[in-house]
Amino acid sequence: MGQERTLARGARIFGSVLLTVLALVSLGWIVRDLTQADKTVDVWWMWTGAVPRAEGGVWVTSFLEPTLLLTYAVSAVMAVRSSAAAGVLTSVGLTTVLLRIPGLWIPNANWTQGVDEGLQTQLLFATIGMVVLGAALVVTAATGRRPIEPDGAPPAGPADEPAALPTRGGGTTAFLVLAAAGLVVAAWEVQSWYEIGWEYYSRKLTGERSTVTLLAVPPGWFAWALVLLLLVAGCTAAARARFSRAMGLVLSAPLLGHGVFPLAYAVKMRLLENFSELSTREQLLLASMAFEVLAGLVALLALARRAEPEDPPAFFDDPPGMYQPPPTGGYGQPSQGYPASSPDPYGRPAPHRPPGW
């Protein structure tokens, strides 16, 4: 088995700085939309799916910005103080790259004509920067590791200890709920594909006439990215990998966002109050959103608890004073005072030897 490794202090600090920059970028775009809103609350309802008109004529952010802002802020602290820093940086980096890639083509796509060119340019460079920073997080996590105890020295602090494993029950629970949530999201995407056909469904992947804000991730792209991330997080939790707790905790954020914001819109439109009057499809959709929120919360709780270091099995341990090696008279023969027919040191009767043995 290879020596346990952790993220070096310099790499943790560098990763925290990258996460802080990502948080500031998301915060900057949120502030931009707040300045364009007639009422501050309009931005919240825009994130939920009810799109009031912006004074500037266009919104930039989506529910992903506040979700990632919170993720970046928490992860920046964890990167410095947690022994799971490598898993945190890797998970956040992969999530950022995967969800920001569509922003490389959406701002300058044909269907965004009429948007201020200066705003388009700012969005494009901001997106390129976020993708690069996400990739840098993954590289930092991969190259910044070092042995936990160089030269036999003890860990300097909690962040230098081995990353804690999830408990057996917690890992299994996280796998079940995350994998189930991923399959639910995938099922809805397959149903949508079948219902509207590939020509229209492909627009959900590219964002053509399916996104209402410039930084929004195309709904189909986001759904399949979320499915991939959830299945990976669930499988690593079941395997109790070193980075599984960090990955599960990080990826619960977009899952919660995917469910919380649409549910808030449903509450605003009083859909839950009139649940019985909705069509079967609408009822199932609301139930799926509620399940995503529940799955995200259960995964957070299941992975929050750390597994204690496992003790060796009891049958490898001898009770104190149970066994004392018998005195020998050379070549392993019993010496005087310790007859060959004496009981076994563990209390078992001496084996019966046939005459002549």
Side-chain angles (χ1 to χ4, degrees), residues 6-35 43-44 47 60-104 107 119 121-146 156-161 163 213-217 222 225 229 233 243 245-257 296 300 303-304:
T6 188
L7 203 61
R9 177 174 176 78
R12 293 201 304 269
I13 294 176
F14 182 65
S16 181
V17 171
L18 296 180
L19 289 166
T20 302
V21 174
L22 284 168
L24 291 175
V25 172
S26 296
L27 179 61
W29 288 117
I30 291 174
V31 171
R32 182 268 175 194
D33 275 356
L34 289 173
T35 62
V43 177
W44 165 263
W47 290 338
V60 170
T61 61
S62 68
F63 77 91
L64 191 61
E65 272 60 53
T67 302
L68 289 181
L69 173 60
L70 180 60
T71 302
Y72 293 147
V74 174
S75 299
V77 177
M78 292 179 63
V80 175
R81 304 181 61 179
S82 173
S83 59
V88 170
L89 298 187
T90 301
S91 303
V92 176
L94 290 175
T95 302
T96 300
V97 172
L98 198 56
L99 296 182
R100 290 305 186 187
I101 285 178
L104 298 178
L119 178 60
T121 302
Q122 293 174 17
L123 285 168
L124 179 60
F125 280 106
T127 302
I128 293 174
M130 287 186 283
V131 171
V132 171
L133 290 175
L137 287 173
V138 178
V139 174
T140 301
T143 61
R145 296 188 301 165
R146 62 168 176 78
D160 297 304
E161 297 175 354
T213 68
L214 294 176
L215 276 180
V217 181
F222 180 88
L229 294 172
F243 56 87
R245 289 184 66 248
M247 178 168 284
L249 293 172
V250 168
L251 296 184
S252 293
L255 175 63
L256 285 169
L300 285 175
L303 295 174

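The first residue of the sequence shown is numbered 1, and numbering continues consecutively from there.
Residues Leu7 and Ala11 approach most closely at CG-CB, 3.7 Å, considering heavy atoms. A pairwise comparison of heavy atoms in Ser75 and Val88 identifies CB-CG1, 3.6 Å as the closest pair. Nearest heavy atom pair, residue Ala246 against residue Gly87, reads CB-C, 3.6 Å. Heavy-atom minimum distance, Arg12 versus Ala85: CD-CB, 3.7 Å. Pairing each heavy atom of Thr213 with each of Ser62, the nearest pair is OG1-CB, 3.8 Å. The shortest non-hydrogen separation linking Ala233 to Gly248 is CB-CA, 4.3 Å.
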Contacts under 3.5 angstrom, residues 128-141 side chains, donor-acceptor by atom type, not counting sequence neighbours:
unit_1, atom_1, unit_2, atom_2, d
Thr140, OG1, Ala136, O, 2.7

Give every donor-acceptor pair under 3.5 Å between a side-chain atom in residues 19-28 and any protein atom, sequence neighbours left out.
unit_1, atom_1, unit_2, atom_2, d
Thr20, OG1, Ser16, O, 2.8
Ser26, OG, Leu22, O, 3.4

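Separating the CG atom in Leu303 from the CG atom in Leu251 is a distance of 10.5 Å, to the nearest 0.5 Å. Note: Tyr72 OH to Glu65 CD = 8.5 Å, rounded to the nearest 0.5 Å. From Leu300, atom CG reaches atom CG of Leu256 across 6.0 Å, with rounding to the nearest 0.5 Å.
Looking only at distances, a side-chain donor or acceptor of Thr35 sits under 3.5 Å from a matching main-chain atom of Arg32. Looking at Arg245, its side chain never comes within 3.5 Å of a backbone N or O of Ala84 through a donor-acceptor pair. Judged by distance alone, the side chain of Arg100 and the main-chain N or O of Thr127 form no donor-acceptor pair under 3.5 Å.
Every residue two or more places apart in sequence or in another chain that forms a ring pair (Phe, Tyr, Trp, His ring centres under 6.0 Å) with Phe222 is listed here: Phe63, His258.
When only modelled atom types and interatomic distance are considered, Trp47 and Thr61 share a side-chain donor-acceptor pair under 3.5 Å.
Residues Pro66 and Ile30 form a side-chain contact, since some pair of their non-hydrogen atoms from C-beta on lies under 4.5 Å apart. Residues Leu89 and Met78 fail the side-chain proximity criterion, which asks for heavy atoms closer than 4.5 Å.
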_side chain to side chain contact (heavy atoms under 4.5 Å, CB included) for Trp29 and Gln122? Distances and angles first, verdict last._
CA-CA 10 Å; Trp29 288 117; Gln122 293 174 17; 4.0 Å; yes
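When each of Leu215, Leu214, Leu123 is paired with Pro107, the side-chain contact (heavy atoms from CB on, under 4.5 Å) condition holds for Leu123 and for no other.
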